[in-house]
Structures are given as structure tokens and as C-alpha cells.
Protein chains: 2
Amino acid sequence: MEKQTITIYDVAREAAVSMATVSRVVNGNPNVKPATRKKVLEVIDRLDYRPNAVARGLASKKTTTVGVIIPDVSNAYFASLARGIDDVATMYKYNIILANSDGDDKKEINVLNTLLAKQVDGVIFMGHHLTESIRGEFSRSKTPIVLAGSIDPDQQVGSVNIDYREATKDATNKLIKSGNEKVAFISGPLLDPINGQLRLNGYKDALKENNMTYNEGLVFESEYSYKAGLNLYDRVAHSNATAAVVADDELAVGLLNSLTDKGISVPGEFEIITSNNSLFTDMARPSVSSISQPLYDIGAVAMRLLTKLMNKEDIEEKSVILPYDLIEKGSTK
Amino acid sequence: MEKQTITIYDVAREAAVSMATVSRVVNGNPNVKPATRKKVLEVIDRLDYRPNAVARGLASKKTTTVGVIIPDVSNAYFASLARGIDDVATMYKYNIILANSDGDDKKEINVLNTLLAKQVDGVIFMGHHLTESIRGEFSRSKTPIVLAGSIDPDQQVGSVNIDYREATKDATNKLIKSGNEKVAFISGPLLDPINGQLRLNGYKDALKENNMTYNEGLVFESEYSYKAGLNLYDRVAHSNATAAVVADDELAVGLLNSLTDKGISVPGEFEIITSNNSLFTDMARPSVSSISQPLYDIGAVAMRLLTKLMNKEDIEEKSVILPYDLIEKGSTK
DNA sequence: ATGAAAGCGCTAACAA
DNA sequence: TTGTTAGCGCTTTCAT
């Protein structure tokens with residue numbers, strides 16, 4: 001690379017000061033006489049000098065870059081989190097290295113290691129399920145890590161979420177109150193703690209509160225996708241459920257469309273409440289009632305928490321729970 | 001930072017070789033006796049040595065990192081491109097620094113500069129509209145740049161797109177052939193070259209081919225959003241159009257829903273063809289016919305092109321045009 | 001096949 | 001307020 005490599009040394013020479021002084025003005029160190037500062041700034045401008053962040057990183061041991069591990073940016077849920085993360089990162093002068101993992105254990109570990117090799121100052125991790133191995137890496141790492149919209153059963157690192165259990169309980173309750181005696185629970189893999197532990201327990205809580213018995217036949221494990229939702233019709237119909245709490249919007253709209261395509265009226269004959277209140281829920285006809293998670297904020301707060309961690313500030317509480325809402329739209333009575 | 005900083009020097013000492021040799025085995029340089037290599041690898045493993053990419057970057061002047069400037073990751077269109085970019089980047093051992101610009105000139109320039117300061121090996125830029133200033137930065141930069149799904153009128157940098165003009169012509173033609181005498185053209189800002197030059201001209205081409213006169217009253221400039229689509233009803237109804245080619249899926253579904261909510265049957269009384277064939281088009285009822293752009297591939301090919309540029313390989317053609325399709329679904333007869 | 005040594009461009013004591 | 005001088009951890013000639 002024969003980049004017009006203007007270095008701090010060139011500036012120092014032209015301005016007839018030392019590198020240290022140039023470094024000081026570049027870094028806003030107050031210990032510089034205004035006249036000197038002015039002179040240096042002029043030269044910087046004239047030479048079009050741009051500090052080399054890599055050299056700076058090596059010398060200072062800080063890269064002002066954080067790693068973001070995400071299952072899939074093209075998934076609306078995670079993309080919203082990512083946007084929140086980047087905005088706050090920018091606000092605090094960080095950049096993000098974004099890496100897709102597909103939720104795959106090997107890739108997650110791989111990418112975490114390359115991020116650490118790149119000396120990121122911190123990491124934000126998103127994933128449905130934290131495997132033993134990734135948690136091992138986390139506990140081994142000296143670099144601050146925060147989970148966004150993801151659960152670590154033993155909370156060794158920071159995290160930002162909503163209360164999935166309570167939210168699911170609320171949704172289920174609403175469906176029960178409106179007269180449904182068989183409410184289905186439709187989620188992604190129950191192996192994922194958010195589904196198998198928090199949401200499912202919230203669902204059970206609601207049943208218990210209403211003296212209804214838990215029936216495994218009403219629990220449906222599915223992939224998170226529109227197509228999977230479409231294909232759910234037969235199984236759900238077979239269960240005689242008349243309502244469902246669904247853990248994913250694509251899934252929910254898929255189910256909704258398969259229902260209405262078969263002539264079953266929503267919400268008349270079947271009610272649905274989904275979980276992310278994404279644009280999908282507004283576009284569907286009828287629109288879909290939903291728990292509303294502050295996705296952008298979850299990302300933003302996670303990044304904010306990470307800045308504190310990177311700064312070695314004291315943290316009041318490293319597991320943050322943000323509020324949710326229940327938005328009633330067209331898919332509930 | 002008191003990271004357990006194991007350096008190449010530690011490895012060299014433990015393995016009783018020189019730093020240079022360690023560097024060779026780490027970098028897969030063949031000039032190392034197998035026995036030596038083995039010994040070094042053992043020590044690396046034992047010490048859990050991980051090369052510092054920042055130091056490597058400073059010494060080699062390559063960071064294996066590329067910058068990606070994107071208007072908004074939480075927009076499905078760009079998120080798809082981003083996913084394609086990252087997958088190919090990973091394939092070629094690059095990481096991406098992702099930065100949202102909101103299509104804002106100042107932010108774009110800002111972020112481009114910090115990316116260059118971070119010594120990225122290349123940049124992928126996405127944006128609706130290349131301002132003079134950003135194009136100035138591009139031409140000044142020695143770092144390879146490729147546009148993905150974006151048009152630079154004077155093609156100074158590489159780019160990957162579809163033929164928006166031809167695609168829009170096809171879509172318009174289809175609508176005309178099916179009997180519509182007033183076909184609306186609904187896009188984002190006409191200031192953006194993709195809309196104002198390519199798409200609009202494709203629309204005009206189709207009119208001309210069919211001996212129809214161009215009527216400005218049928219051209220609607222709008223924001224790219226679902227909500228904007230919903231609000232389009234009055235204006236569109238007023239124009240007496242009976243069909244529309246729309247440049248954005250959210251916009252299209254918004255229009256569709258506002259139409260059906262008002263009791264206008266689609267496609268019976270109004271036909272729609274949109275542009276990105278995203279999941280939105282399948283979820284809507286009726287589903288929306290669409291031009292199908294290979295978004296993931298546009299991103300992937302852009303990144304592939306960038307790898308060639310970074311590698312100083314010869315490029316056959318730096319403006320790549322990928323094929324599109326016209327997918328007929330429920331919103332056309 | 002291996003080693004010695006000079007940087008890469010910057011920060012951060014430490015002096016002055 | 002300013003300068004001197006070590007590094008930061010690695011790659012890369014150039015010797016050997």
C-alpha cells in the first residue's frame with residue numbers, strides 16, 4: 001500500500017514541534033499553548049493528516065471498536081437490536097464489527113476469537129442459546145461482554161432483556177380471560193432458555209392462575225419463520241386450540257394467514273398474540289396483537305452498559321430488565 | 001488493560017526459536033522445518049497464544065477489515081445486502097465494520113473518514129443518493145470502494161446493481177398489457193438516481209412502447225415506509241390510476257392495505273407490482289407481485305468485487321449488473 | 001531453514 | 001508547556 005502516508009512525524013516536523021505535542025493536540029490534551037495548538041492544527045489541515053487508528057490502538061491498547069455477534073442481521077428482530085447498538089456506539093465514539101453467527105456454536109466461538117484477536121474493547125452477544133462452550137469462552141475472557149435480548153442462565157456477564165416470563169403470562173392471561181379454554185403455546189426451540197424456561201413458565205403461570213391444567217398437546221415447537229407458521233395449521237387445528245401465544249412475528253403471521261386461508265376467522269374463531277410487535281404485525285390483515293419489546297432500546301442499553309464496563313465504572317446492576325407492553329390489535333377480541 | 005498478554009516473543013522464547021520463525025508458522029510460511037513447526041505449534045497451544053491483529057495490522061499495513069456504510073440496518077432491503085456482504089467477507093477472512101448513515105451526507109463523510117482512519121482495506125457503500133461531497137471523498141481515496149445496490153452516475157468506483165430501468169419497464173408493461181390505461185409510478189425521492197433516472201425512465205420507456213402519453217399526475221414521490229404507503233390512498237385515488245408500479249415493498253403494502261381497507265379490490269380494481277420481493281410481499285393479503293432483486297447476491301458480489309480490488313487483481317468490469325425476475329402473485333391479474 | 005534487527009505510527013511516562 | 005524516548009506486538013528484509 002503506497003497510501004500518501006502522512007504521519008504524526010511529518011506534522012511535527014512541519015510545525016516545528018515534537019511528536020508528543022502533535023499527539024497532544026490531536027487528543028485534545030489541554031497542556032498545549034493555544035498558539036502552538038493553532039499552529040499544529042494548521043499543519044494538520046494543510047497536510048490533510050489523519051491519525052492512524054491502528055498505531056494508536058497498538059500504543060494505547062484501545063481500539064474504540066466493539067464486536068457484535070448476531071445470529072442474522074437480515075432478521076428484523078436482531079436488526080433492530082443492532083441499530084440500537086450502533087447508535088449508542090457511535091454516540092460514544094465506538095465502531096462496531098458486526099459478525100453473523102447463524103446461532104452456530106462453532107461460528108460463535110470462531111468469531112469471538114477473531115474479535116478478541118482484533119483487540120475489540122468489548123463484545124455484545126446476541127443468540128438464542130448460549131452453549132457451554134461459548135459460556136466457557138466468556139468466563140475466560142478479560143474483555144467485557146454484554147448480552148442483548150439473550151439469556152445466560154448463570155448471569156456471568158451483563159445482559160439486557162425484558163421479563164419474557166411475565167410478558168408471556170400476561171398474553172396468555174388475556175387470551176384466557178377472553179374465554180379461550182385451549183390456548184396454544186407456540187415458540188422456537190424449547191432448548192433455548194427464553195422459550196423453554198421463561199416463556200413456557202409464564203404460560204404455565206397463567207394457566208395455574210386460572211386453574212387450568214397444563215396440556216403438552218398445546219405446546220408447539222417450531223422454527224422461527226413465516227413458512228413454518230404456514231405449516232403449523234394442521235397441527236394447531238388438530239389440537240382444538242382456539243387461541244395462541246406465539247414467540248415470533250413471522251411465525252405468527254404465517255399461522256394467521258394459514259388460518260384465514262382455510263376460512264377460519266381471526267379473531268372470531270381463533271385469537272393470536274405474538275411477541276415482537278414488528279412491522280409484520282401491522283401489515284398483516286387482521287393486524288396482530290402483540291407483546292411490544294423495546295428492541296432498539298435493548299440494543300442501545302446493552303451498548304451503554306458495555307461502555308460502562310469498558311470504562312471500569314461501577315455498575316449498579318448488570319442484568320437489566322426493560323419494560324414491555326401488550327398492544328391489542330386486530331387478532332384479539 | 002492487564003490482559004494476559006502472551007506475545008510472539010513469549011512463544012519464541014519457550015520454543016527456543018526466533019520471533020521470525022514463530023511469525024512464519026503463524027502465517028503458514030512454508031520455509032519452516034516440520035519439526036520446528038510442530039514444536040512452535042505446541043508452545044502456541046500450551047500458552048494459548050493469540051496473535052494481536054492490531055500489531056499485525058500496523059506492521060503489515062493490512063487489517064483484513066472492510067468498512068460497510070449502510071443507511072439503516074434495520075431496513076430489510078439493506079439488511080439483506082449486509083448479510084450477503086458479511087458472508088463473502090467471512091469467506092475471504094475479512095471482518096466488517098458496519099456503520100449506519102441514515103443516508104445523511106455529513107454522517108456518511110464522517111464515518112468514511114473514521115473508517116479510513118481505522119485503516120480498513122476497503123469500503124462497501126450503500127446509499128440512495130451519492131452527494132457531491134461523498135463522491136469527492138471517493139475519488140480522493142486510495143482505498144478501494146464498491147457500491148452495493150447504489151448508483152454512481154459517473155461510475156468512478158465499482159458497483160453492483162440490477163437493471164432498474166429495464167425492470168421497471170417490464171413491470172409497467174405487464175400492467176399496461178393487462179389493460180390498465182392509467183398506471184401510477186410510485187417511488188422514493190426522484191432526486192435519487194435509481195428513482196429519478198433509472199426507474200422513471202423505465203416507466204416512460206414502457207409508456208412510449210405502448211404509445212401512451214406520460215402524465216406527471218401519475219408520478220408519486222413518497223417516503224419509503226409502510227405508513228407513507230397508507231397515506232397515499234387519497235392522492236392515488238384522485239389520479240384515477242388503476243394500477244401502480246411501486247419502488248418499495250413497505251410502501252406497496254401500505255398502499256395495498258389502504259386500498260383494501262377502503263373496499264377497493266386488489267387486483268380486481270387495482271393492480272400493484274412492487275420492487276424487492278421481500279417477505280412483506282408474501283405476508284400481505286393478497287400477496288404482492290414484485291420484481292425480484294437478488295439482494296443477498298448483490299451484497300455478496302459487491303464484497304467479492306471488493307476482494308479483487310483489494311488484491312489488485314484485474315477486473316473485467318467494475319460495474320456489475322445482476323439479473324432480476326418478475327414474480328407474479330396475488331396483486332396482479 | 002532460521003535469526004537479527006529495523007521499523008509500522010502512535011502513546012505515555014519521564015524529564016526538562 | 002514541551003521534548004525525549006521507550007515501547008506496543010508484529011512483519012519483513014537481509015544475512016547467514
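Throughout, protein chains are lettered first and strands after them, A, B, ... in sequence-line order, and every chain is numbered starting at 1.
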- Task: Before accepting this row, confirm whether a basic side-chain N of the pair A:E316/A:K308 lies closer than 4.0 Å to the acidic partner's carboxylate O.
- Result: yes

- Item | Rounded interatomic separation in angstrom, taking NZ from B:K62 and P from D:dT11 | 12 Å

- Item | Stretch residues 35-43 of chain B: residues that reach within less than 4.0 Å of DNA chain D through a heavy atom | none

- For D:dC8, does OP1 or OP2 lie under 4.0 Å from any side-chain N or O of B:N52? no

- Message: Does a side-chain N or O of A:T5 approach OP1 or OP2 of C:dG9 to a distance below 4.0 Å, or not?
- Response: yes

- Give a yes/no answer on whether the side chain of A:N31 brings an N or O atom under 4.0 Å of OP1 or OP2 in D:dT1. yes

- Message: Below 30° counts as parallel, above 60° as perpendicular, anything between as tilted: where do the rings of B:Y224 and B:H128 land?
- Response: tilted

- Give one of base, sugar-phosphate or nothing for B:V17, where a contact means two heavy atoms less than 4.0 Å apart. sugar-phosphate

- Query: Tell me, do A:V26 and A:R56 make a side-chain contact under 4.5 Å, heavy atoms counted?
  - Reply: yes

- Task: Return no unless some side-chain N or O of A:T21 is found under 4.0 Å from OP1 or OP2 of D:dG3.
- Result: yes

- Separation of atom CG in B:N27 from atom C1' in C:dT2, rounded to whole Å: 16 Å

- Side chain to side chain, B:I8 and B:S23, heavy atoms closer than 4.5 Å: yes

- Provide, to the nearest angstrom, the distance between the CE atom belonging to B:M19 and the C1' atom belonging to C:dG7. 11 Å

- Message: If I take atom CG in residue A:L58 and atom P in nucleotide C:dA12, what distance separates them, rounded to the nearest angstrom?
- Response: 12 Å

- Query: Taking only side-chain nitrogens and oxygens of B:S23, does any of them come within less than 4.0 Å of OP1 or OP2 of D:dC10?
  - Reply: no

- Look at B:D86 together with B:R83 and state whether they make a salt bridge at an N to O cut-off of under 4.0 Å. no

- Task: Please state how far atom CZ in A:R24 lies from atom C1' in D:dG3, giving the value in whole angstrom units.
- Result: 8 Å

- Item | Sub-4.5 Å side-chain heavy-atom contact between A:T65 and A:K118 | no

- Task: Considering just the side-chain nitrogens and oxygens of B:S18, establish if one lies under 4.0 Å of OP1 or OP2 belonging to C:dG3.
- Result: yes

- Message: For B:Y94, run the side-chain contact (heavy atoms from CB on, under 4.5 Å) check against B:V88, B:I85, B:V66 and tell me which one passes.
- Response: B:V66

- Message: Between A:Y49 and C:dC10, is there a contact of a side-chain N or O with OP1 or OP2 at under 4.0 Å?
- Response: yes

- Query: Please give, in whole Å, the distance from D:dG9 C1' to A:R56 CZ?
  - Reply: 19 Å

- Taking for each residue the nucleotide of DNA chain C bearing the nearest heavy atom, is the 5' side occupied by B:A55 or by B:K33? B:K33

- Integer-rounded Å distance: C:dA6 C1' and B:K61 NZ: 14 Å

- Item | B:R135 bridged to B:D154 by N-O distance under 4.0 Å | yes

- Task: Report the nucleotide, chosen from C:dA4, D:dG9, C:dC10, that has the shortest atom-to-atom distance to any side-chain atom of B:T7.
- Result: D:dG9

- Length of the line joining A:I8:CD1 and D:dG7:P, which is rounded to integer Å: 19 Å

- Decide yes or no, distance alone: a donor-acceptor N/O pair under 3.5 angstrom between the base of D:dG9 and the side-chain of B:R50. no

